[in-house]
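In what follows, a structure is listed as structure tokens, so that the remarks can point back to it.
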Number of protein chains: 2
Amino acid sequence: MKRVKKKLFSDFIARKGLKSTRQRDTILEFFLASDRHMSIEELYLKVRAKHPNIGYATVYRTLKLFAEAGLAREIQFGDGQTRYEHVNEGEHHDHLVCTRCGTIVEFENPVIEKLQDEVAKSHGFLIETHKMELYGLCPKCRK
Amino acid sequence: MKRVKKKLFSDFIARKGLKSTRQRDTILEFFLASDRHMSIEELYLKVRAKHPNIGYATVYRTLKLFAEAGLAREIQFGDGQTRYEHVNEGEHHDHLVCTRCGTIVEFENPVIEKLQDEVAKSHGFLIETHKMELYGLCPKCRK
DNA sequence: GATGTTTATGAAAATCACTTTCATTACCAT
DNA sequence: ATGGTAATGAAAGTGATTTTCATAAACATC
């Protein structure tokens, strides 16, 4: 899996005439080893712990590149932080977010997706993407 | 309807031991007369046109109060602006957002809501709220 | 109505989370 | 090794809030 993502990125780099750098490799390594939903800040702190010479701006720019390359996706949970999640080919999922501890669980539901398409169609919209988040208490926080 | 909302707010003010002020009345008036999705900036500009003496901070703080009082709700469409929409008792709706012109259409779909509850339940979550936005091209922008 | 205590307001400063700038480095195809 | 780009890091800049603080308005209570 990691191998595939790395290839995806190096191909992207090559295709775009960009350069392969130590920093990008390092950041990709940390991103792939990370939880599925990281803010720039979170990833930056993890990276900086081992590589104090890598700056925030580089992490920021590299994450944008990952998104462009198709191996990450920006998401917003309304807490003022942009997060990046891993993208796996052909996979789309939505989120359950715990309002107490912040736990994020992913889920997929084809039936809901189909209904969304119908709603859009009935309003004459042509859907590109969607976002669905369910906020509440996770099993642990319900005690 | 407006009457009900005003009472809701004045009751809230009283309950919290806050004060009724000319500014708050004015801002509420403009909010109730507005489109359903206003950013702070948009409402501020509308208010300022008639009441140049009311500051941005007051609009900002008052909108937060409306949300607390339950007559407005904060929403984010990922464009970096916090918007406030009207809350009507017992009503929940989701949004279709045009990615070209920004048009926002509201919709409700009980079947989807039910499926969301089932998803949540299957993961042991107790849902408080949810957010669902479908992004794409509106009929006009599809040409 | 005057007064005293609180809360509210407006202007300006401060925050926050990015984004961009720019002088300096690092890549990499000769 | 070298010349031409692209990348990096530190710092400055942005945009949208959010907070601070001196002043003004409410709302009891005289």
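None of these values were measured; they are calculated from a predicted model. Values below: all heavy atoms of this structure, side chains included; hydrogens, waters and symmetry mates excluded.
Side-chain atoms of B:Asn109 and B:Lys114 form no donor-acceptor pair, as typed in the model, at a separation below 3.5 Å. Donor-acceptor pairing under 3.5 Å is lacking for the side chains of B:Thr62 and B:Gln23. Between A:His86 and A:His37, the side chains place no donor N or O within less than 3.5 Å of an acceptor N or O (distance only, hydrogens not considered). When only modelled atom types and interatomic distance are considered, A:His95 and A:Glu133 share no side-chain donor-acceptor pair under 3.5 Å.
Protein chain A contacts DNA chain C over a range whose 5' and 3' limits, counting nucleotides with an atom under 4.0 angstrom from a non-hydrogen atom, are C:dA17 to C:dC28.
One can place NZ of B:Lys19 at 9 Å from P of D:dA26, the figure rounded to the nearest angstrom. One atom, CD1 of B:Ile75, and another, P of D:dA16, lie 17 Å apart when rounded to the nearest Å. If you take CG of B:Leu63 and P of D:dT18, they are 11 Å apart, rounded to a whole angstrom. Separating the OH atom of B:Tyr60 from the P atom of D:dT17 is a distance of 9 Å, rounded to the nearest angstrom. One atom, CG of A:Asp25, and another, P of D:dA6, lie 19 Å apart when rounded to the nearest Å. Across the protein-nucleic acid pair, B:Arg24 atom CZ and D:dC27 atom P stand 10 Å apart, rounded to whole Å. One can place CD1 of B:Ile13 at 17 Å from C1' of D:dA28, the figure rounded to the nearest angstrom.
Of the candidates B:Tyr84, B:Tyr60, B:Tyr56, B:Phe30, B:Tyr56 is the only one forming a ring pair (Phe, Tyr, Trp, His ring centres under 6.0 Å) with B:Tyr44. Checked against B:Glu85 for a salt bridge (Lys or Arg N to Asp or Glu O under 4.0 Å), the options B:Arg36, B:Lys131, B:Arg73 give a single hit: B:Arg73.
Judged purely by atom type and a 3.5 angstrom limit, A:Arg83 has no side-chain atom pairing as donor or acceptor with the backbone of A:Ile40. With hydrogens and angles ignored, the 3.5 Å screen pairs no side-chain donor or acceptor of B:Arg100 with any backbone N or O of B:Cys138.
For the pair B:Thr82 and D:dA16, the criterion of a side-chain N or O lying under 4.0 Å from OP1 or OP2 is not met.
Checking D:dT17, D:dC27, D:dA10 against the side-chain heavy atoms of B:Ser20 singles out D:dC27 as nearest.
Between B:Asp11 and B:Arg15 there is no salt bridge, since no side-chain N of the basic residue sits under 4.0 Å from a carboxylate O of the acidic one. No salt bridge links A:Asp117 with A:Lys121; every basic N to acidic carboxylate O contact stays at or beyond 4.0 Å.
Taking for each of B:Arg61 and B:Asp79 the nucleotide of DNA chain D with the nearest heavy atom, the 5'-most of the two is the partner of B:Asp79. Positionally, the nearest nucleotide of DNA chain D for A:Gln23 lies more toward the 5' end than for the other of B:Leu18 and A:Gln23.
Among the heavy atoms of the strands lying under 4.0 Å from A:Arg22 are primed sugar atoms or P, OP1, OP2 only; no base atom is included. Across all strands shown, B:Lys64 has heavy atoms under 4.0 Å from sugar-phosphate atoms exclusively, and none from any base.
In the region residues 30-59 of chain A, proximity to DNA chain C at under 4.0 angstrom, judged on heavy atoms, holds for A:Ile40, A:Tyr56, A:Ala57.
The local environment of CD in B:Glu89 is sparse, with at most 12 non-hydrogen atoms from other residues, nucleotides or ligands closer than 6.0 Å.
Relative to the axis of its first five pairs, the axis of the last five pairs of the helix from C:dG1-D:dC30 to C:dT30-D:dA1 sits at 20°, rounded to 10 degrees.
Put simply, B:Met38 and B:Phe77 are part of two different groups of oily side chains (I, L, V, M, F, W, Y) that touch within less than 4.5 Å, one to the next.
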